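None of the values given here were measured: they were computed from a predicted structure. So that the names make sense, note that chain A is the first sequence line, chain B the second, and so on, each numbered from 1.
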There are 2 protein chains.
Amino acid sequence: MTANTRAPQQERSRATQQRLLEATVECLVEFGWSGASTTVIAERAGVSRGAQLHHYPTRAALVLAAVEHLSERRAAEIRAEAAALTGDPEDRVEQVIDMLAAAFTGPLYVAALEVWVAARTDLDLKAALIPLEARVGREMHRLTVDLLGADETRPGVRESVQATLDLLRGLGVANLLSDDSHRREQLLAAWKRQLTTAIREP
Amino acid sequence: MTANTRAPQQERSRATQQRLLEATVECLVEFGWSGASTTVIAERAGVSRGAQLHHYPTRAALVLAAVEHLSERRAAEIRAEAAALTGDPEDRVEQVIDMLAAAFTGPLYVAALEVWVAARTDLDLKAALIPLEARVGREMHRLTVDLLGADETRPGVRESVQATLDLLRGLGVANLLSDDSHRREQLLAAWKRQLTTAIREP
């Protein structure tokens, strides 16, 4: 292999991986954990079983890479939306919470939840997922602090940001089977006021 | 059949049902949704396949009955524990939150979460579960209001109680793969103070 052919092949490999990861997320959302078999995922991605096994030798390897991929996509989407927010601090808390609430009730959260729940009783997957989950959790916390412009050195601010993310995690579960948006909007309206007070108060 | 034999038979039926429902919850906790097949559940319960099908003709029927059963058991456990609480209002919020946090990180929550996540992509189960989930949600809200001695006619109190339950739902998810109790306790210490203010303030 020459330098000329290596670069396109690396690109093709990367494109194949991206297709497999996207297909994994889609299949988790559409069919759930038990329906998202490696066969179904390879078909959806339009990738041969051989190529799939070359890139991700086990279902756990594929699913882990997909969780990492979707976490990065989610963070990138949130950052891109955040770049379009207005500067008014009062509005900002409201807009950030709305963005995060959309993320925690959207397909990427649902796909992640399918994996977390399955990993609870799949020891290999669980062992591999725990460090990834911790990292993703820290990054989401950091992102939220940045977006809110919160000062974590002030007492109670860190706990308020954590509670916000855990609340959103719970609202995502409450939205799994039916549209919970009406109740959620009312609840979050109160939450936004509380959070504004908690992170702004001197 | 005479009146003399009918009563014992009804008791036996009820005992068989209880064993099947308990076994369903245990298998969901131990093996997850995909591992908790009707065969595995019948074995665990020590009940024949014929008897199982007589009481619960489908897996969905069995799982639904088990979710109802575990919700009742959870409410009963919480009520029993609540009866032992001291009367001091400040301590009460703290004790109630600790009790609820234990419930939302315990096996009954895990079993319910397995079913909710699976029902998202199982349309028959989902259709049957939605009204049950709504009822269980209302009952848990009512129970929490009672335990806290909260007055929901006052502005913001209803939202604070709802946020408490959604927060606990999220903390249950955060505890799925690893022991999150240290972070949870710190977060809930701050939450107890906030909630006390929200439900006591005039």
Side-chain angles (χ1 to χ4, degrees), chain A residues 28-36 104 109-110 112-122 125-127 129-134 137 155-178 180 183-184 186-191 193-194 197-198, chain B residues 28-36 104 109-110 112-122 125-127 129-134 137 155-178 180 183-184 186-191 193-194 197-198:
Chain A
L28 283 169
V29 173
E30 220 167 294
F31 311 122
W33 174 260
S34 48
F104 277 89
Y109 179 71
V110 162
L113 193 59
E114 290 279 349
V115 177
W116 290 333
V117 169
R120 191 183 62 83
T121 49
D122 180 328
L125 183 58
K126 181 175 168 177
L129 197 56
I130 286 174
L132 177 59
E133 192 199 22
V157 169
R158 183 172 172 75
E159 287 80 1
S160 290
V161 174
Q162 286 193 331
T164 299
L165 290 171
D166 286 302
L167 174 67
L168 291 168
R169 221 167 258 143
L171 289 170
V173 172
N175 198 63
L176 269 186
L177 300 187
S178 45
D180 189 39
R183 187 186 76 91
R184 183 171 63 246
Q186 291 187 307
L187 190 160
L188 286 179
W191 186 264
R193 289 192 295 274
Q194 266 193 26
T197 309
Chain B
L28 283 169
V29 172
E30 220 167 294
F31 311 122
W33 174 260
S34 48
F104 277 88
Y109 179 71
V110 162
L113 192 60
E114 290 279 350
V115 176
W116 290 332
V117 169
R120 191 183 64 81
T121 49
D122 180 327
L125 183 58
K126 180 176 169 178
L129 196 56
I130 286 173
L132 176 59
E133 192 199 23
V157 170
R158 183 171 172 76
E159 287 81 2
S160 289
V161 173
Q162 286 192 331
T164 299
L165 290 171
D166 286 301
L167 175 66
L168 291 168
R169 220 168 259 141
L171 289 170
V173 172
N175 199 62
L176 269 185
L177 300 187
S178 45
D180 189 40
R183 187 186 75 93
R184 183 170 63 245
Q186 290 186 308
L187 191 159
L188 285 179
W191 183 256
R193 289 192 294 273
Q194 266 193 27
T197 308

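Scanning all heavy atoms of the two residues, the minimum distance from Gly172(B) to Tyr109(B) falls at CA-CE2, 3.7 Å. The two atoms that bring Ala174(A) and Arg169(B) nearest to each other are CB-NH1, 3.8 Å, heavy atoms only.
For Ala190(B), the part lying near chain A is the side chain, with the backbone staying farther off; criterion is any non-hydrogen pair under 4.5 Å. Only the backbone of Leu28(B) comes within contact range of chain A, with heavy atoms under 4.5 Å apart. For Gln162(B), the parts sitting under 4.5 Å from any heavy atom of chain A are the backbone and the side chain alike. Both the backbone and the side chain of Trp116(B) come within less than 4.5 Å of a heavy atom in chain A. Thr164(B) does not touch chain A: none of its heavy atoms, backbone or side chain, sits under 4.5 Å away. With a 4.5 angstrom heavy-atom cutoff, Glu30(B) touches chain A only via backbone atoms.
Atoms NZ and CD1, on Lys126(B) and Ile130(B) in that order, are 5.5 Å from each other to the nearest 0.5 Å. The structure places OG of Ser160(A) at 11.0 Å from CG of Leu165(A), a figure rounded to the nearest 0.5 Å. How far CD of Gln194(B) is from CD of Glu159(A): 10.0 Å, rounded to the nearest 0.5 Å.
Chain A forms the most heavy-atom pairs under 4.5 Å with one residue out of Thr121(B), Asp122(B), Asp166(B), and that residue is Asp166(B). Here Ala163(A) is the residue among Ser34(A), Ala163(A), Gly35(A) with the most heavy-atom pairs under 4.5 Å with chain B. Each of Leu129(A), Leu188(A), Leu171(A) has some count of heavy-atom pairs under 4.5 Å with chain B, and the biggest count is that of Leu171(A). When the candidates Glu133(A), Gln186(A), Arg184(A) are compared by the number of heavy-atom contacts under 4.5 Å with chain B, Glu133(A) comes out ahead. Ranking Leu167(A), Leu177(A), Leu113(A) against chain B, the residue ahead of the rest is Leu177(A), based on heavy-atom pairs under 4.5 Å.
Remark: Asp180(A) pairs with Arg183(A) by the salt bridge (Lys or Arg N to Asp or Glu O under 4.0 Å) rule, at least two apart or across chains. Applying the side-chain contact (heavy atoms from CB on, under 4.5 Å) criterion to Val110(B), with sequence neighbours excluded, gives Arg120(A), Leu176(B).
The closest donor-acceptor contact from the side chain of Glu114(B) to the backbone of Trp33(B) lies under 3.5 Å.
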